[in-house]
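Please read the structure below before turning to the comments.
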Amino acid sequence: MAQAIGVDIGGTGIKAGIVNLSHGTLDSDRIRVPTPKGASPADVLGAVKEVLDTLGVADSDLPLGVAFPAIVKYGKTLSAANVSDDWIGFEAEKFFEDGLGRDIHFVNDADAAGVAEARHGAARDAQGLTILATLGTGIGSAFLYDGVLVPNTELGHLLYDGTSVDTASIEKWTAYSAMERENLSWEDWSARLQVFFRHVEFLFSPDLFVVGGGVSKHPEKFIPLLELNTPIVPAIHRNSSGIIGAASLAAD
């Protein structure tokens with residue numbers, strides 16, 4: 001049975017699991033620890049070691065994929081969304097490989113989730129342009145055309161001059177964390193999502209929207225409230241998509 005390990009580093013939690021590559025499912029419990037406050041490289045590495053130890057795979061020779069909330073090019077992180085600015089321009093893949101003592105595959109977290117949904121989930125066999133949006137601490141995005149990933153899209157950082165922020169990233173106003181922070185109703189939050197998805201729909205004319213991240217556990221609360229021309233569905237793997245996608249890419 002082909003397996004790989006996936007680690008998904010987020011702004012609030014770091015998750016890991018052993019993935020069944022044939023079915024795109026978890027063969028283990030999903031292990032989670034809080035993301036260290038400030039999310040500096042050294043502290044994040046320590047938390048990754050903790051989840052791997054808890055999972056019992058610290059010394060495993062299974063392929064290991066690590067998903068991270070930043071633009072990732074050639075192993076370097078070029079942005080820092082909801083983590084320390086120390087990650088900007090940082091040789092992150094080498095840092096993790098040195099710290100863990102093994103090779104890894106390092107990828108943007110939303111891109112990993114998109115790959116999981118294209119290979120094993122809601123976007124499997126989808127034609128044309130699928131846009132996945134992960135709604136959590138921020139908003140991540142992944143573009144897949146006929147199942148092929150176009151990496152490092154950052155739709156959560158579209159500029160938006162709204163009622164809560166002044167000319168800032170739209171994720172500050174629209175992410176799931178905004179609903180929790182401002183104690184918004186599902187109806188009020190969905191009105192903000194409508195602004196985001198309608199603008200993305202106008203810009204890119206996608207064939208399918210997939211919604212991932214923590215809020216994908218509650219699709220009935222908000223998806224029916226959205227009025228779009230594009231079909232929109234929840235991620236099948238919910239908040240495990242990043243783990244599954246990172247592991248799948250590591251095994252390629």
Side-chain angles (χ1 to χ4, degrees), residues 6 8 10 15 17 19-20 22-26 30 67 69 107-151 153-156 158 170-171 174-180 184-249:
D8 185 8
K15 305 173 289 289
V19 175
N20 182 312
S22 298
H23 301 290
T25 54
L26 293 182
R30 190 184 71 165
V107 63
N108 170 269
D109 58 346
D111 284 346
V115 167
E117 292 301 314
R119 294 185 180 183
H120 304 288
R124 185 171 184 177
D125 299 324
Q127 294 184 326
L129 177 60
T130 295
I131 296 179
L132 174 136
T134 57
L135 306 176
T137 308
I139 296 179
S141 59
F143 280 31
L144 299 113
Y145 194 84
D146 289 344
V148 178
L149 176 68
V150 180
T153 58
E154 291 287 337
L155 295 184
L158 289 169
I170 196 168
E171 69 176 10
T174 315
Y176 187 35
S177 59
M179 182 173 73
E180 297 176 322
L184 299 174
S185 67
W186 285 103
E187 290 76 14
D188 288 343
W189 182 63
S190 296
R192 297 186 182 191
L193 282 185
Q194 176 72 25
V195 173
F196 171 72
F197 280 112
R198 179 58 63 86
H199 187 52
V200 172
E201 184 178 59
F202 174 75
L203 291 175
F204 299 105
S205 301
D207 298 283
L208 177 67
F209 282 123
V210 178
V211 179
V215 77
S216 60
K217 295 179 291 186
H218 310 290
E220 75 286 353
K221 300 286 189 180
F222 66 96
I223 286 181
L225 301 177
L226 301 176
E227 297 181 3
L228 302 167
N229 296 320
T230 305
I232 182 167
V233 297
I236 285 178
H237 298 296
R238 304 293 195 260
N239 212 17
S240 295
S241 294
I243 295 172
I244 293 167
S248 298
L249 289 166

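The basis for the numbers below is simple: all heavy atoms, side chains too, and nothing from hydrogens, waters or symmetry mates. Sequential numbering from 1 along the given sequence is applied to the chain's residues.
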Measure the shortest side-chain to side-chain distance between [X] and [Y] over non-hydrogen atoms and say whether it is less than 4.5 angstrom.
X      : Y      : answer
Val200 : Leu158 : yes
Trp189 : Leu135 : yes
Val195 : Thr174 : no
His120 : Ile236 : no
Leu226 : Phe209 : no
Gln127 : Leu208 : no

Is the backbone of [Y] close enough, under 3.5 Å, to the side chain of [X] for a donor and an acceptor to pair up by distance?
X      : Y      : result
Asp111 : Ala142 : no
Glu117 : Ala123 : no
Asn20  : Leu26  : no
Thr134 : Ala110 : no
Ser241 : Ala116 : no

By salt bridge (charged side-chain N to carboxylate O under 4.0 Å, His left out), Arg119 pairs with (sequence neighbours left out) Asp252
How long is the straight-line distance from [atom2] of [Y] back to [atom1] of [X], given to the nearest 0.5 Å?
X      : Y      : atom1 : atom2 : answer
Ile243 : Ser248 : CD1   : OG    : 11.5 Å
Ile131 : Ser141 : CD1   : OG    : 7.5 Å
Arg30  : Arg238 : CZ    : CZ    : 12.0 Å
His237 : Ser216 : NE2   : OG    : 11.0 Å
Asn229 : Glu201 : CG    : CD    : 4.5 Å
Leu203 : Arg198 : CG    : CZ    : 12.5 Å

Heavy-atom pair of closest approach, residues [X] and [Y]:
X      : Y      : answer
Ala235 : Gly212 : CB-CA, 3.9 Å
Pro219 : Pro224 : O-CD, 3.4 Å
Leu155 : Phe196 : O-CE1, 3.7 Å
Pro151 : Leu149 : CD-O, 3.6 Å
Leu144 : Ala118 : CD2-CB, 3.7 Å
Thr137 : Ala175 : O-CB, 3.7 Å

How about His218: does its NE2 atom have over 12 heavy atoms from other parts shown lying under 6.0 Å from it?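 Enclosed: over 12 neighbouring heavy atoms sit under 6.0 Å from NE2 of His218.
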Tell me whether the count of non-hydrogen atoms from other residues, nucleotides or ligands lying under 6.0 Å of CD in Glu227 goes above 12.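 No, the 6.0 Å shell around CD holds no more than 12 heavy atoms from other groups.
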Kindly write out the residues that satisfy ring pair (Phe, Tyr, Trp, His ring centres under 6.0 Å) with Tyr145, not counting sequence neighbours, or none if the list is empty.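 Once residues adjacent in sequence are excluded, Tyr145 has no partner under the ring pair (Phe, Tyr, Trp, His ring centres under 6.0 Å) criterion.
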Which of parallel (below 30°), tilted (30 to 60°) and perpendicular (above 60°) describes Trp186 and Phe222?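 Aromatic pair Trp186/Phe222 classed parallel.
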